[in-house]
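One structure below.
No experiment lies behind these values; they were computed from the predicted model shown.
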Amino acid sequence: MKRKAGQAPNYVRTPDVGSRELAPISGSKAVAPVRVDAAKAPAHTSAKKSTAAKSSSARSQDFLDSNAPSKAKASKKAPKRAKAKKKSHAGLIVAIILIVLLLGAGGGYGYLYYTGYFKPTIEVTLADGTLTKVKVEEAYAQLVPTFNKFGPGTLVNDVDVSGMTAEQAIEAVNKKFNDEGSPIEVKYNLKLDGKVYPITFEDAKFTYNTEEVINGAIGQFGPVDETDFNAITERYNFLEQLKNEPIKLATEYKVQIDGVSEKVHEVLEPLIDEYSTVKDAEIGEFDPETKEFTITPEETGMTIDIDGAVDGVNKLFENNEYSGNVVVPSKVMEPEITTEKLKANFGLVGEHVTKASNNANRNNNLNQACKNINGKILKPGEEFSFNGVVGQRTVKNGFKEATVIMGGQYEQGLGGGICQVSSTLYNAVLKSDLQVTKRSPHAWPSDYVLEGLDATVDWPALDFKFKNNTDYQIIVVMWFEEKDRTVHAQIYGKRLPDEQKIVLRSECVSSTAAGATEYVEERSMAVGQTKVVRQAHQGKTIKTYKIWQDKDGKEIKREFITTTTYRSYGKRIEVGVKNADGTFSKVDPKTGELTGKASPTPTPSSATATPTPSGGGSSSNPTNTPTPPPTNTPTQPPADTPAPQPDNGDNGGGGSDGGSGE
């Protein structure tokens, strides 16, 4: 029977055999023959022999005497002489018979002695259970060839080592190990999140206690004393019983593995990023028209304890478990935003609306910029760039020419008017409590937002940027409403707490007077023509605030935003200096008077050309009034007639003058 590694040997059968109910050995039969030299025998021994001889003669004489009556009757019929003669012959016959009897008895005894009839025997149990007697001498002779060799049917790891010495058995068992290779596969399964990652130790080393087992077992087959009848009987019975119930021995092996930590790290490290990633529930799609959105569900992550997995493998190995499952220790990482939480807290945060003009080109630009922005989704921490989202203002991208501020005066440029879009968005961003990262003011305040709350842009010099500093996504929704010519900006994201809202306020903390009127020559215009390219503007310093209100409109707190400084500007008028003969006059920048070749002095009503009013928005291209025939009289400065401000500071594709901002 096999024994497990580390158990005490169970193959020694001597105690088992000794416990069997065998027939006890007879005392008279167990005595070894004693050979005595007659010459050296003691006197009492000779006396015993003499007595025995006498007894034997007496028995022979008794056997002869038992036949005497029949012979006596015969002698009565014979003559006396014959009786005497017959007596003489009878004595001879008796003597001869005695001699024959003595010689026959001695010869029979000798025959029996020399044939072993008087040698001791033992009673043994054969393999079939039969009890039989065997001479000790013969039994021992049969045992001698088995000394120090394994008995019949002895198996070591299923290798038959019957009749082998210890050395031969070790060699046979080791050969089997070498032929079969590793006895087991050392393999563990790392289990993580319902998946199995196997780790195999193909380089495991095995050592066996073959010599210890075999050398320990061979001892029960060692020599026995030829005079120890009990030992001979037990050994004889033991070998017979092995024919029915052979000994099965099993060796132990020890396993050595290296690099457990390295192998486990090799398997698990590539999984760290995959499993440690936690995904918040987020907006998957958003329909800007219906304001409806779909939610992508959240995903949990987990931290992986690789060192804990290493300990798990080592523990199995130390317990002599060379295969098994190791659950990788891990900790679930929950997302911050779940689907339920997103539905409960996501919605409109802040919005702002501004009024536009009825200028077709300008409104086209507003509509195009809103389309490019509408539905933009920002992840937490992501930054919005107006120029990056709207793109370059070109005809190909859908933009048209309209009035812009460039070099401190009104000009025509592609994308004119879209500063109203950036300024409207700026106000919505502030109301949503988002982080503004880049904003520049116009050269002077715009009339579609409060002073200090404008944001100018220019490709690529000036940009408006803000960052999603919340833990939710935000969605920027913008559109231009054709019906009432309004620009709308909405921010969807994590609602402000407790139904609070933010309103914006601006405060003028200082101002300076507008500068003096400035006259500049314009060679494309004939003498007598003028055009107002900038109205006068006061200088101002404006502070802006966010006012937090509760759901009932009560102020909770006031938060400072920024200080914006606008420069003061004088009115700027372009004066035509092109004479009829192709020469050019000069203009006095302070008075507007022409010097050089004489030109007729235009009247204010017909000589001054100003942009056509456009309801506070973009103006159409100014038209030039035809100049009367030139005269040689000096030109007088044109009358200072007011002109509407074309875009009130909107800067589309061009730049803007001065001003400070964030």
Give a yes or no on whether the ring-centroid distance for Phe346 and Phe293 is below 6.0 angstrom.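 Yes, the ring centres sit under 6.0 Å apart.
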In sequence, state the C-alpha distance, the side-chain angles, and the governing distance for Lys531 and Glu522, and then conclude on salt bridge (Lys or Arg N to Asp or Glu O under 4.0 Å). CA-CA 9 Å; Lys531 182 174 66 174; Glu522 176 51 56; over 6 Å; no
Can you tell me how far the [atom1] atom of [X] sits from the [atom2] atom of [Y], to the nearest 0.5 Å?
X: Leu453; Y: Thr424; atom1: CG; atom2: OG1; result: 11.0 Å
X: Phe384; Y: Ile491; atom1: CZ; atom2: CD1; result: 8.0 Å
X: Lys554; Y: Gln500; atom1: NZ; atom2: CD; result: 12.5 Å
X: Phe480; Y: Thr354; atom1: CZ; atom2: OG1; result: 9.0 Å
X: Asp552; Y: Glu499; atom1: CG; atom2: CD; result: 9.0 Å
X: Asp588; Y: Tyr519; atom1: CG; atom2: OH; result: 9.5 Å

Is a side-chain N or O of [X] found less than 3.5 angstrom from the main chain of [Y], in a donor-acceptor match?
X: Asn397; Y: Gln392; answer: yes
X: Thr565; Y: Thr541; answer: no
X: Thr338; Y: Lys341; answer: yes
X: Asp550; Y: Gly553; answer: yes
X: Asn387; Y: Leu462; answer: yes
X: Ser432; Y: Leu434; answer: no

Taking side-chain contact (heavy atoms from CB on, under 4.5 Å) as the criterion, tell me which of Ile295, Leu342, Val278 meets it with Ile337.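 One option only clears the test, and that one is Leu342.
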Which residue, Val421, Val436, Thr456, forms the side-chain contact (heavy atoms from CB on, under 4.5 Å) with Phe464?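 Answer to the side-chain contact (heavy atoms from CB on, under 4.5 Å) test with Phe464 among Val421, Val436, Thr456: Val436.
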Checking Arg572 against Glu518 for the salt bridge (Lys or Arg N to Asp or Glu O under 4.0 Å) test, could you report, in this order, the C-alpha distance in whole Å, the side-chain angles of both residues, the deciding distance, and whether it holds? CA-CA 5 Å; Arg572 178 178 287 181; Glu518 177 185 358; 3.5 Å; yes
Sequence neighbours left out, cut at 3.5 Å: what donor-acceptor pairs do the side chains of residues 373-381 make with other protein atoms?
from	atom 1	to	atom 2	distance (Å)
Asn374	OD1	Met478	N	3.0

Under the criterion side-chain hydrogen bond (donor to acceptor under 3.5 Å, both in side chains), which of His488, Glu482, Lys483 is the partner of Thr486?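 Considering His488, Glu482, Lys483, a side-chain hydrogen bond (donor to acceptor under 3.5 Å, both in side chains) with Thr486 is found only for His488.
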Minimum heavy-atom distance Pro288-Val477, with the two atoms named: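 Looking at all heavy atoms of both residues, the closest pair is O-CG1, 4.4 Å.
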